Number of protein chains: 2
Amino acid sequence: MGKGEETKQAIVDEALELVSKVGLEKLTIGALAGATGMSKSGLFAHFRSKEQLQLQVLAEARERFIEIVIVPALKKPRGEARLRAIFESTLKRWEDELPGGCVFHAVSAELDDQPGPARDYLVETQRALADTLRRAAEIAIEEGQFRKDLDLDQFVFEFGSITAAYHHFGRLLGDPAAEQRAHNMFEGLLARSH
Amino acid sequence: MGKGEETKQAIVDEALELVSKVGLEKLTIGALAGATGMSKSGLFAHFRSKEQLQLQVLAEARERFIEIVIVPALKKPRGEARLRAIFESTLKRWEDELPGGCVFHAVSAELDDQPGPARDYLVETQRALADTLRRAAEIAIEEGQFRKDLDLDQFVFEFGSITAAYHHFGRLLGDPAAEQRAHNMFEGLLARSH
DNA sequence: CTGATAATAGTACGACCGTTCGTGCTGTCA
DNA sequence: TGACAGCACGAACGGTCGTACTATTATCAG
């Protein structure tokens with residue numbers, strides 16, 4: 001990796017941290033330059049547009065999520081154990097990876113009514129995650145752990161609702177019991193899927 | 001209502017619509033002036049600061065939520081019927097009230113890591129809503145509709161998770177089945193509370 | 001070591017930000 | 001009629017935004 005790529009990676013890392021704290025809109029070239037100790041123009045040259053920078057940040061977040069949550073889960077046994085691994089590491093490792101918590105939840109509200117490449121990329125990422133969950137649940141059916149008539153899409157919806165609520169209650173309202181609540185809810189979801 | 005109050009109300013109405021679409025950060029004095037056909041300075045004079053404008057918008061949202069969701073529900077019988085009324089009108093009436101959907105979900109992500117009066121007010125509003133839900137569920141226990149050992153805080157958490165997921169899946173991912181999923185989930189929550 | 005090239009800095013730009021100020025309407029009341 | 005308050009206006013402020021150009025410095029193959 002040449003010097004340029006190295007610097008670019010460092011910028012994106014810093015940017016991701018900023019985004020998780022202040023959101024995509026307030027990720028500013030000037031602020032990012034200050035945080036990295038670079039000049040605005042020197043930093044800007046790596047991306048050529050703010051939109052490109054935003055996309056790179058989202059791509060980095062996606063990569064990290066796969067690395068932190070998905071890859072370790074794939075080493076677990078197929079089915080329920082894998083689902084449980086995804087859930088647990090999403091809550092514990094992924095939400096703590098960045099200072100502002102799950103970056104996808106942080107940006108999804110500000111992109112949901114603002115068409116463009118950034119929104120498209122986020123939606124595609126979320127859909128891919130939903131597919132992964134769906135497939136994992138399907139496997140759990142094949143393995144005989146989940147009942148055969150389980151509604152897979154409903155399962156994915158309810159799974160997603162838990163992490164959304166965890167982010168909302170834990171981060172905005174500061175409820176220290178949010179993690180326990182989310183855990184309870186997930187166990188209930190699993191029990192109903194048997 | 002004097003001319004001033006009338007104009008101010010019209011501005012706040014317009015601002016609320018803007019916020020639900022673009023978020024609190026992008027609610028700009030200039031854009032709002034354009035949308036209302038006023039000059040920046042004339043509009044600004046009504047609030048004296050942007051922070052005040054934001055607070056007025058949040059207050060308006062809170063008032064409308066009470067008017068649209070809470071007040072009608074209070075006319076329903078105590079307990080489960082009331083909870084059902086709150087849920088149904090939150091989904092159908094409240095989410096459709098503004099073009100960008102539930103304004104609380106729209107702004108909570110951008111305020112959760114940004115201390116200040118706006119965040120404080122939002123948190124207080126959400127806590128008040130949570131208390132209302134908690135109380136309604138408590139009544140359902142007293143009425144013998146819910147089981148006596150129901151965990152009230154867990155109930156509120158799960159209730160909130162449904163609307164959060166509805167907003168997320170329906171608005172960002174554009175899932176047309178989100179309403180049905182949310183409905184299913186709510187019925188499940190009620191069934192488990194009996 | 002040198003010359004090409006990549007990486008960064010410097011400077012400037014037009015647009016828009018929140019905010020202030022002075023001014024001119026318009027209607028009320030003495 | 002004259003004084004006055006309420007309301008809205010245009011102009012302008014200092015700042016920051018994203019972005020474009022140009023100059024300087026660092027890197028690295030030959």
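To find a chain, count down the sequence lines: A is the first, B the second, and so on, and within it residues start at 1. These numbers come from a predicted model, not from an experiment.
D:dT27 atom P lies 11 Å from atom CD of A:Glu6, rounded to whole Å. Put simply, CZ on A:Arg48 is 17 Å from C1' on C:dT8, counting in whole angstrom units. Note: NZ (A:Lys8) to P (C:dT8) measures 12 Å, nearest angstrom. Atom C1' of nucleotide C:dG10 and atom CG of A:Leu43 are separated by 15 Å, given to the nearest angstrom. Note: NE2 (B:His46) to P (C:dT19) measures 16 Å, nearest angstrom. Going from atom CG of A:Leu32 over to atom C1' of D:dC17 covers 14 Å, rounded to whole Å. Rounded to an integer number of Å, the gap from A:Gln9 CD to C:dA7 C1' is 17 Å.
The backbone N or O of A:Leu172 lies less than 3.5 Å from a partner atom in the side chain of B:Arg119, making a donor-acceptor pair.
Comment: A:Arg64 engages A:Asp13 in a salt bridge, judged by a side-chain N to carboxylate O separation of less than 4.0 angstrom. Between B:Arg78 and B:Glu142 there is a salt bridge, with a side-chain nitrogen of the basic residue lying less than 4.0 Å from a carboxylate oxygen of the acidic one. Of the charged side-chain nitrogens involved, at least one lies within less than 4.0 Å of a carboxylate oxygen, so that A:Arg62 and A:Glu124 count as a salt-bridged pair. A salt bridge links A:Arg84 with A:Glu80: the distance from a Lys NZ or Arg NE/NH1/NH2 to an Asp or Glu carboxylate oxygen falls below 4.0 Å. Under the 4.0 Å criterion applied to side-chain N and carboxylate O atoms, B:Glu88 and B:Lys76 are not assigned as salt-bridge partners.
Judged by closest nucleotide on DNA chain D, B:Met38 is the one of B:Met38 and A:Glu51 placed further toward the 5' end.
Ring geometry for A:His194 versus A:Phe146: interplanar angle of 30 to 60°, hence tilted.
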Checklist outcome for this item: Expected string for nucleotides 12-18 of chain C under the B/S/- scheme (protein heavy atoms, under 4.0 Å, primed atoms plus P, OP1, OP2 as sugar-phosphate) is -----SB
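OP1 and OP2 of C:dT11 both lie 4.0 Å or more from every side-chain N or O belonging to A:Ser41.
The terminal axes of the helix from C:dC1-D:dG30 to C:dA30-D:dT1, fitted over 5 pairs per end, subtend an angle of 10° to the nearest 10°.
Scanning for salt bridge (charged side-chain N to carboxylate O under 4.0 Å, His left out) contacts around B:Asp96 gives an empty result, with sequence neighbours left out.
Follow the hydrophobic side-chain contacts under 4.5 Å out from B:Ile139 and you never reach B:Ile86; the two are in separate clusters.
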